[in-house]
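Note that the structure is predicted; figures quoted are calculated from it, not measured. Below, chain A is the first sequence line, B the second, and so on; all start at residue 1.
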Protein chains: 2
Amino acid sequence: MNIGEVADRSGIPPKTIRYYEDIGLIRPQRSDNGYRAFRETDLHKLAFLGRARALGFSIEDCRVLLSLYEDETRESAQVKAIAEEHLSAIDDKIAQLREMRETLSHLVDACHGDHRPDCPILGELAGATE
Amino acid sequence: MNIGEVADRSGIPPKTIRYYEDIGLIRPQRSDNGYRAFRETDLHKLAFLGRARALGFSIEDCRVLLSLYEDETRESAQVKAIAEEHLSAIDDKIAQLREMRETLSHLVDACHGDHRPDCPILGELAGATE
DNA sequence: TATAGGGCTTCCAGTCACTGGAAGCTCAAG
DNA sequence: CTTGAGCTTCCAGTGACTGGAAGCCCTATA
């Protein structure tokens with residue numbers, strides 16, 4: 001398989017696939033003409049990476065997850081630990097975004113949004129609250 | 001005021017303040033010795049930037065917000081539009097994170113997390129779902 | 001057989017918002 | 001006069017790609 005077909009079948013753009021090879025996540029073979037020659041296992045790995053990235057795992061997490069996936073002697077506790085850590089990071093991010101959302105939505109509601117210059121959003125940013 | 005004092009009083013690190021000058025968000029004067037000489041208005045702007053960034057506004061949003069703040073003829077509708085767009089971007093991000101969270105927490109719950117190798121998290125990443 | 005096109009290759013640069021570090025100047029205290 | 005903190009500039013790195021340029025390869029058609 002050439003990179004185009006793999007990109008279509010995995011949903012990962014060619015640029016990203018080359019990048020993943022650069023950083024050592026996959027190691028496709030090469031044809032005589034210099035083209036990357038992907039096997040089914042490469043495609044499988046890329047799909048794995050796509051799903052892991054879609055769940056928000058970092059590239060470094062993905063690297064470890066892939067190696068665990070290929071390691072017959074892994075312990076599921078190792079996988080779970082990574083996932084739990086990531087889950088708590090997601091929770092932190094959600095909490096932070098919710099706080100922003102809260103403040104911002106109050107300000108947006110308070111702003112009449114017309115042709116006049118006075119604006120509680122700018123007021124808050126300028127430090128009106130204290 | 002030198003940069004250290006401004007950093008302390010605004011809560012923004014010196015490196016970041018220099019960066020903000022680099023990209024034209026602030027324009028502190030210079031003393032004869034080459035040190036940046038900050039006035040109260042510079043401090044004020046930096047505090048403004050700090051609050052805007054804490055609400056998640058991008059640097060480019062901040063640039064526009066600052067210019068609106070300094071523009072006596074602004075219309076509050078302009079500010080509100082920026083804030084509303086940002087709010088909806090935050091909502092999108094929250095929704096995306098919640099989806100990740102949902103999937104991931106189910107998987108974490110399903111994983112027994114012991115010494116055995118079989119793991120539904122890896123199973124899902126490998127494409128077991130369909 | 002020439003050529004046109006699309007796909008493939010590498011390499012460099014840019015994104016966003018900083019952050020770290022090195023080399024060197026300035027200033028106040030002892 | 002030295003020490004050390006604080007300031008300066010400049011360069012490089014972060015994460016995870018993404019865009020673009022220059023150039024090779026392959027296939028199909030005229």
Side-chain angles (χ1 to χ4, degrees), chain A residues 1-38 42-43 45-46 48-66 82 85-86 89-90 93 96-97 100, chain B residues 1-38 42-43 45-46 48-66 85-86 89-90 92-93 96-97 100:
Chain A
M1 264 180 290
N2 284 346
I3 201 168
E5 186 183 343
V6 177
D8 287 344
R9 289 177 60 189
S10 68
I12 297 175
K15 278 271 181 186
T16 305
I17 296 175
R18 293 192 192 101
Y19 171 69
Y20 285 172
E21 184 187 11
D22 262 10
I23 62 174
L25 283 180
I26 50 167
R27 301 184 193 286
Q29 296 180 318
R30 294 290 175 140
S31 306
D32 290 344
N33 59 12
Y35 286 17
R36 287 169 185 81
F38 295 86
D42 295 317
L43 179 59
K45 274 196 200 181
L46 284 168
F48 183 103
L49 288 168
R51 279 182 284 259
R53 294 287 301 129
L55 285 178
F57 285 105
S58 71
I59 290 288
E60 285 319 302
D61 278 349
C62 288
R63 196 189 296 279
V64 177
L65 288 171
L66 252 188
I82 293 170
E85 190 143 348
H86 180 43
I90 288 177
K93 262 189 212 158
Q96 195 198 352
L97 285 171
M100 287 181 187
Chain B
M1 262 181 292
N2 284 347
I3 202 168
E5 186 182 344
V6 178
D8 287 344
R9 288 178 58 189
S10 67
I12 296 174
K15 279 272 182 187
T16 305
I17 296 174
R18 293 192 192 100
Y19 171 69
Y20 285 172
E21 184 188 9
D22 262 10
I23 62 173
L25 284 179
I26 52 167
R27 300 185 194 286
Q29 297 180 316
R30 294 289 175 139
S31 306
D32 291 343
N33 60 13
Y35 287 16
R36 288 169 183 81
F38 296 86
D42 296 315
L43 180 58
K45 274 196 200 180
L46 284 168
F48 183 103
L49 288 169
R51 279 181 284 260
R53 294 286 301 131
L55 284 178
F57 285 106
S58 72
I59 290 289
E60 285 319 303
D61 278 349
C62 288
R63 196 189 296 280
V64 178
L65 288 171
L66 252 187
E85 191 145 347
H86 180 44
I90 288 177
D92 289 351
K93 262 189 213 159
Q96 196 197 352
L97 285 172
M100 286 181 187

| Contact class for B:Arg36 (heavy atom, under 4.0 Å): base, sugar-phosphate, or nothing? | sugar-phosphate
| request: Give the rounded distance in Å between these two atoms: CD1 of A:Ile59 and P of D:dT14. | output: 14 Å
| task | Could you state the atom-to-atom distance from CG of B:Asp22 to C1' of D:dT8 in whole Å? | result | 12 Å
| request: Using heavy atoms to find the nearest nucleotide of DNA chain C for B:Tyr20 and A:Gly34 separately, return the residue whose nucleotide is more 5′. | output: A:Gly34
| note | Between A:Asp32 and B:Ile3, the residue closer to the 5' end of DNA chain D by nearest nucleotide is B:Ile3
| request: Assess whether atom CZ of A:Arg30 is packed by more than 12 heavy atoms of other residues, nucleotides or ligands within 6.0 Å. | output: yes
| task | Determine, step by step, whether A:Tyr35 and A:Ile3 satisfy the side chain to side chain contact (heavy atoms under 4.5 Å, CB included) criterion, reporting the C-alpha distance in whole Å, the side-chain angles of both residues, the deciding distance to 0.1 Å, and the verdict. | result | CA-CA 8 Å; A:Tyr35 286 17; A:Ile3 201 168; over 6 Å; no
| Nearest-Å distance for atom pair CZ/C1', residues B:Phe38 and D:dC7 | 11 Å
| Lys/Arg-Asp/Glu bridge criterion (N-O < 4.0 Å) met for B:Glu21, B:Arg18 | no
| request: Find the distance B:Lys15:NZ to D:dT14:P and express it as a whole number of Å. | output: 16 Å
| task | Determine, step by step, whether A:Arg9 and A:Phe38 satisfy the side chain to side chain contact (heavy atoms under 4.5 Å, CB included) criterion, reporting the C-alpha distance in whole Å, the side-chain angles of both residues, the deciding distance to 0.1 Å, and the verdict. | result | CA-CA 12 Å; A:Arg9 289 177 60 189; A:Phe38 295 86; over 6 Å; no
| query | C:dC8 P sits how many Å from A:Tyr35 OH, rounded? | reply | 7 Å
| task | Check whether any side-chain N or O of B:Thr16 sits under 4.0 Å from OP1 or OP2 of C:dA17, and answer yes or no. | result | no
| field | pair A:Asp42-A:Val6: side-chain heavy atoms closer than 4.5 Å | value | no
| field | Euclidean distance, atom CG of residue B:Asn2 to atom P of C:dT26 [Å, nearest integer] | value | 14 Å
| request: Using whole Å, report how far CG of B:Leu25 lies from P of C:dC18. | output: 9 Å
| Taking OP1 and OP2 of C:dC25, is either one under 4.0 Å from a side-chain nitrogen or oxygen of B:Asn33? | no
| Does the side chain of B:Arg18 get closer than 4.0 angstrom to OP1 or OP2 of C:dC18 through an N or O atom? | no
| message | Measure CD/B:Glu60 against C1'/C:dT15 and give the value in whole Å, please. | response | 12 Å
| Below 4.0 angstrom from OP1 or OP2 of C:dC8, is there any side-chain N or O of A:Arg30? | no
